[in-house]
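In what follows, a structure is listed as structure tokens, so that the remarks can point back to it.
Position 1 is the first residue of the sequence; numbering continues from there.
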Amino acid sequence: MARRLQITGGIPLRGDLTISGAKNAALPIMAASLLTDAPCHLTNVPRLADVDTSVAILEALGVDVRREGDAMTLTAGGEVGHEVPAEHARLMRASILFMGPLLARTGRAVLAKPGGDDIGMRRVDQHVAGMIHMGATVEEAEGSFVCSAERLVGADILLDMPTVTGTENLMMAACLAEGETTISNAAREPHVADLAAALNSMGARVSGAGTDRIEIEGVDRLGPAEHRVCPDYLEAGTYALAVAAAGGDVQLLDCPLPDLRSLVLKLRHAGVEIEAEAGGARVRREGELRPVDLITWTHPGFATDLQPQYTAVMTQAAGESVIQEFLFENRFNYVPELNALGARIELFPHRRGIRVQGPTSLRGNIVTIPDIRAGAALLIGALCATGSTLLGGVEHLDRGYEDMAGKLSRLGAQVKEPPASVPRQSVEPGA
């Protein structure tokens with residue numbers, strides 16, 4: 001039976017919460033372990049379903065994986081396979097990140113087209129075009145990419161948009177390529193810079209990560225790695241938004257506040273207090289929320305992965321707000337479920353924007369999570385609702401948030417996993 005959460009809303013959040021390591025940094029760094037036959041020791045690795053999937057892929061490729069708590073040692077010391085098992089590749093989009101390391105290490109890569117959240121078209125053509133530009137041959141056969149190259153060669157690569165995983169894939173491939181590679185219009189997200197730091201700890205020569213121009217000087221081999229995965233700015237932003245919606249006073253420990261400048265700007269305009277403190281940030285909201293419009297964009301713009309959660313907050317603001325999404329056309333798939341809690345959200349005909357009317361007295365209901373960030377938005381809505389909400393599809397949350405129910409419970413929220421035997425009718429929505 002699929003996992004569910006039961007949330008009783010109306011309780012402000014108070015206390016301390018430690019931000020976990022970033023999933024979007026850990027996954028490419030784990031893939032990068034294929035670039036060396038030496039051990040790669042990582043710490044602050046989040047315990048997530050997507051991390052488990054990456055472990056399964058690495059083990060299938062012949063990598064020795066040792067885990068203890070949030071520490072992980074990956075050793076690709078022997079012969080490495082070149083085919084990513086389709087049953088794992090289709091579980092998450094990040095499986096595409098194995099293309100670059102496998103091509104660089106083995107000269108061959110076979111990957112099923114990646115799966116993951118259904119939030120709209122997420123192109124991989126920039127990955128493919130970049131690999132071809134570096135001398136690879138890439139063909140499509142029976143729903144898979146079949147890639148080969150005797151040795152990749154450095155190239156000047158211009159991305160038509162700053163794709164995160166595309167930037168990471170090409171950056172990893174270029175580390176063992178012959179000559180120099182330049183990636184222009186590169187993604188600037190914090191996890192791109194964290195991957196570069198991990199690669200450089202292995203002996204790579206990567207500069208410019210965190211800007212829109214990354215330069216990589218290829219080397220013949222890479223060595224061992226010692227790296228602490230950076231804290232997850234998207235998790236930190238999600239909990240800051242939860243406090244904004246439900247009210248309260250929370251200290252976010254190990255919070256990368258400089259990576260959240262766009263969110264901080266919007267929340268302060270909305271009436272939320274956010275201050276940097278030693279080791280993190282303090283988020284407080286006691287008074288009325290003000291409506292603030294939003295447009296998502298690539299980093300350092302407002303992250304699309306925080307847009308659904310922001311919408312949940314705006315349902316509690318006194319007035320109308322307009323939220324526009326220009327990165328993923330299906331990102332508003334949570335709107336019907338949030339409206340089922342009593343929100344008043346209108347989807348524009350072109351499906352690139354919504355109008356939110358607030359404040360709304362949300363009421364508990366039975367709703368289902370369609371994807372990771374939508375799940376966080378629905379959970380935030382449930383925290384604001386009167387009565388009880390039964391949230392299905394919790395496996396999506398497990399892919400992107402480490403022990404979300406436990407962390408919220410430690411802040412005073414009433415979030416629990418009901419027994420599998422409890423029938424849905426036993427939960428009275430809005431009671």
Side-chain angles (χ1 to χ4, degrees), residues 5-22 231-292 294 302-303 305-319 321 341 358-362 364 373 375-389 391 397 401-416:
L5 288 177
Q6 186 175 340
I7 303 101
T8 301
I11 302 171
L13 304 177
R14 303 188 186 279
D16 298 340
L17 184 150
T18 300
I19 301 303
S20 300
D232 192 341
Y233 79 113
L234 295 173
E235 184 192 46
T238 295
Y239 286 114
L241 287 161
V243 177
D249 187 343
V250 172
Q251 181 83 14
L252 299 177
L253 305 176
D254 204 14
C255 172
L257 202 59
D259 297 332
L260 291 166
R261 293 174 61 188
S262 294
L263 174 65
V264 170
L265 176 68
K266 293 295 182 181
L267 286 183
R268 284 176 174 166
H269 285 173
V272 180
E273 298 178 52
I274 303 179
E275 301 298 335
E277 294 194 355
R282 185 178 183 185
V283 184
R284 289 178 287 179
R285 203 274 290 177
E286 303 292 345
E288 186 177 81
L289 282 169
R290 297 185 291 269
V292 180
L294 172 71
F302 195 98
D305 280 351
L306 292 174
Q307 177 260 104
Q309 302 93 305
Y310 184 84
T311 298
V313 174
M314 286 297 101
T315 68
Q316 303 305 295
S321 56
L341 295 177
T360 306
S361 297
L362 301 180
R373 308 306 172 182
L378 293 173
L379 207 162
I380 289 172
L383 293 175
C384 301
T386 57
S388 178
T389 296
L391 193 58
L397 283 177
Y401 294 96
E402 182 178 48
D403 189 24
M404 195 172 197
K407 288 187 175 184
L408 286 170
S409 295
R410 289 190 285 277
L411 296 179
Q414 291 190 15
V415 181
K416 64 181 181 180

Problem set entry | Trace of the side chain to side chain contact (heavy atoms under 4.5 Å, CB included) decision for Leu379 with Thr238 | CA-CA 10 Å; Leu379 207 162; Thr238 295; over 6 Å; no

Problem set entry | Residue from Leu260, Leu294, Thr311 passing side chain to side chain contact (heavy atoms under 4.5 Å, CB included) with Leu306 |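 Per the side chain to side chain contact (heavy atoms under 4.5 Å, CB included) rule, the option paired with Leu306 is Leu260, out of Leu260, Leu294, Thr311.
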
Exercise. Looking at Cys255, Pro256, Ser20, which hits side chain to side chain contact (heavy atoms under 4.5 Å, CB included) with Glu235?
Worked result: Ser20

Given 3.5 Å as the limit, does a donor-acceptor pair link the side chain of [X] with the main chain of [Y], or not?
X: Arg285; Y: Gly287; result: yes
X: Ser409; Y: Val415; result: yes
X: Lys416; Y: Thr8; result: no

Exercise. So, do Thr18 and Arg410 sit near enough that their side-chain heavy atoms are less than 4.5 Å apart?
Worked result: no

Exercise. Side chains of Leu391 and Ile7: closer than 4.5 Å at any heavy-atom pair?
Worked result: yes

Any chance you could measure [X], atom [atom1], to [Y], atom [atom2], to the nearest 0.5 Å?
X: Arg282; Y: Asp16; atom1: CZ; atom2: CG; value: 10.0 Å
X: Glu402; Y: Leu397; atom1: CD; atom2: CG; value: 13.5 Å
X: Gln251; Y: Arg284; atom1: CD; atom2: CZ; value: 9.5 Å
X: Leu253; Y: Leu17; atom1: CG; atom2: CG; value: 7.5 Å
X: Ile380; Y: Thr315; atom1: CD1; atom2: OG1; value: 9.5 Å
X: Leu383; Y: Leu13; atom1: CG; atom2: CG; value: 6.0 Å

So which heavy atom on [X] is nearest to which on [Y], and how close?
X: Ala246; Y: Ile11; result: CB-O, 4.1 Å
X: Val313; Y: Ala244; result: CG1-CB, 4.1 Å
X: Phe302; Y: Gln307; result: CE2-N, 4.0 Å
X: Leu257; Y: Glu275; result: CD2-C, 4.3 Å
X: Met314; Y: Ala270; result: CE-CB, 4.3 Å
X: Asp254; Y: Pro231; result: O-CB, 3.2 Å

Exercise. Taking it one step at a time, do Val292 and Leu267 satisfy side chain to side chain contact (heavy atoms under 4.5 Å, CB included)?
Worked result: CA-CA 8 Å; Val292 180; Leu267 286 183; over 6 Å; no

For this session: Might you confirm whether atom CD of Glu288 has over 12 heavy atoms from other residues, nucleotides or ligands at distances under 6.0 Å?
Result: no

Problem set entry | Neighbour count >12 (heavy atoms, 6.0 Å) for atom CZ, Arg268 | yes

For this session: Check step by step if side chain to side chain contact (heavy atoms under 4.5 Å, CB included) holds for Gln309 and Tyr239.
Result: CA-CA 9 Å; Gln309 302 93 305; Tyr239 286 114; over 6 Å; no

For this session: Determine, step by step, whether Leu362 and Gln316 satisfy the side chain to side chain contact (heavy atoms under 4.5 Å, CB included) criterion, reporting the C-alpha distance in whole Å, the side-chain angles of both residues, the deciding distance to 0.1 Å, and the verdict.
Result: CA-CA 9 Å; Leu362 301 180; Gln316 303 305 295; 3.6 Å; yes

